[in-house]
Amino acid sequence: LLYHRYSAQPWTRDGQVRADVVKIAPRVGGYLVEVNVQDNQFVLQGEILFQIDPSSYQLAVDKAEVELAQAREDVEALEATVRAAKAMVKQRNAAVDSAKGKITEAQAGIESAKATTQEAESGVASARAFVAQVTALLEEAKREAERARRLADREAGSKETAEAKAAAVQAFHAQLDSANAGLQQAQATLAKTKAAQNEAQAKLVIAQNGLVEAEAGVITAVADRDQTRAYLGEAGEENVRLRSAKVQLEQAKLDLSWTTIYAPADGYVTNMDLLSGTFVSPGTPFALFVDAASFRVDGYFPETKLKHIQPGDRAVITLMGHPEQRLEGEVESIGFAINPPNLVETEG
């Protein structure tokens, strides 16, 4: 019976009660303004254990909110600038189209002025030919009148004929005056048409210069638009300025939330010696927390007995301080190495 109990029901006195211990260390630094627990006090999960002064972290949140609002205003202003730059590009393109239209109009004006000038030159040439013709007829009439007068003076011809010839001379004088007036009018018309042609040519030059200026304006407007768009980056909420400001705000809120330290589970706060006003540093533990749901017993058995122990087996434990109280449990697992006291550091 003793052998059977020894082999089939292995037991050992070499056991330790263990539990998960959490080092309570703040993620942010500051002075403790609230200590809501005492050493070795049992607390429930989520209860507030400690409160670090949140004033500076609240200010950081307020500042981050202001910076986010400013970033949003900056992005909206840049978006408006981009829209204005796009409108300017359209305006400059319209100016180019207008300049091209003016060039076409000026070229049509030049062609019309050239045709009018040619017509006026033809009119001047015709008027000069008519003046020359009338002048020739006048000279002929003068010779005939002079001949008729001499014949009349010698009574070789009639006086009436001489007077008729003289009247013809006067008529040709009047016709010559009229022809000269027509020539002057034709020359004036030619000068006017040449002036109109020069004016049309000047308009063409102005329109061409306007086109060059408008095209340069398009290039400048496109460059301004592209530069503004590049400086803006992604529009809307995906803009890097807004995303950066949001990240800073979330980080500030996270830091603020870390000023309140909660119980991570049901358990006990121990090894605590703190008063309100103590300064705590990030990552530096100042208390320990024992998880009440993690108590277990580590038992050390000779390897010859391990073959009789399997996970899930029923186990009975008695504590040295309470030998009359039997605790029942089951085997969770078998370790692959041992960590006996006074041999390996086991703190924590």
Quick one: [atom1] on [X] to [atom2] on [Y], what's the gap to the nearest 0.5 Å?
X	Y	atom1	atom2	value
E67	R241	CD	CZ	14.0 Å
E79	R83	CD	CZ	6.0 Å
N180	Q187	CG	CD	9.5 Å

Self-check item: Intermediate values then yes/no, side-chain contact (heavy atoms from CB on, under 4.5 Å), K114 and Q201
Solution: CA-CA 10 Å; K114 284 182 178 180; Q201 190 67 41; 5.7 Å; no

Quiz item: How far apart are the C-alpha atoms of Q58 and D62, what are their side-chain angles, what is the distance that settles it, and do they pass the side chain to side chain donor-acceptor pair (under 3.5 Å) test?
Solution: CA-CA 6 Å; Q58 182 61 54; D62 297 340; 3.1 Å; yes

Exercise. Could you pull out the closest heavy-atom pair between P282 and G29, with the gap in Å?
Key: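 Here P282 and G29 meet closest at CG-N, 3.4 Å.
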
Quiz item: If you look at every heavy atom in A245 and A71, which pair is closest and at what distance?
Solution: CB-CB, 4.1 Å

Quiz prompt | V37 and F50: CA distance, side-chain angles, deciding distance, side-chain contact (heavy atoms from CB on, under 4.5 Å) verdict | solution = CA-CA 8 Å; V37 291; F50 308 99; 4.0 Å; yes

In the single-linkage hydrophobic clustering (I, L, V, M, F, W, Y; side-chain heavy atoms under 4.5 Å), do [X] and [Y] co-cluster?
X	Y	answer
F42	V17	yes
L68	L254	yes
L306	V331	yes
V297	V21	yes
Y268	L44	yes

Polar side-chain atom of [X] near backbone of [Y] as donor-acceptor pair, under 3.5 Å:
X	Y	result
T228	D224	yes
T259	L256	yes
S112	G109	no
D266	Q45	yes
T189	Q185	yes
S122	Q118	yes
E65	L249	no
S178	A174	no
D39	N271	yes

Is the closest side-chain heavy-atom distance between [X] and [Y] below 4.5 Å?
X	Y	result
K86	V82	yes
V316	W11	no
D20	R296	yes
F295	V290	yes
L288	I24	no

Quiz item: Is it the case that more than 12 heavy atoms not belonging to E324 sit under 6.0 Å from its CD atom?
Solution: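 Yes, enclosed.
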
Practice problem: Report the C-alpha distance between I219 and E215 in whole Å, list the side-chain angles of each, state the deciding distance to 0.1 Å, and finish with yes or no for side-chain contact (heavy atoms from CB on, under 4.5 Å). | Solution: CA-CA 6 Å; I219 295 174; E215 290 175 340; 5.6 Å; no

Looking only at side chains, do [X] and [Y] share a donor and an acceptor under 3.5 Å apart?
X	Y	answer
T12	D14	no
Q251	D255	yes
Q70	D74	yes

Exercise. Check step by step if side-chain contact (heavy atoms from CB on, under 4.5 Å) holds for K63 and Q248.
Key: CA-CA 10 Å; K63 180 181 178 182; Q248 293 178 4; over 6 Å; no

Quiz item: If you measure from the Lys or Arg side-chain nitrogens to the Asp or Glu carboxylate oxygens, is any gap between E140 and R143 under 4.0 Å?
Solution: yes

Quiz item: Which other residues belong to the hydrophobic cluster containing L211, where Ile, Leu, Val, Met, Phe, Trp and Tyr are joined when side-chain heavy atoms lie under 4.5 Å apart, directly or via other members?
Solution: V89, V96, I103, I110, L204, V218, V222

Exercise. Please step through salt bridge (Lys or Arg N to Asp or Glu O under 4.0 Å) for the pair E237 and K246, ending with a clear verdict.
Key: CA-CA 10 Å; E237 293 298 317; K246 289 178 182 178; 2.6 Å; yes

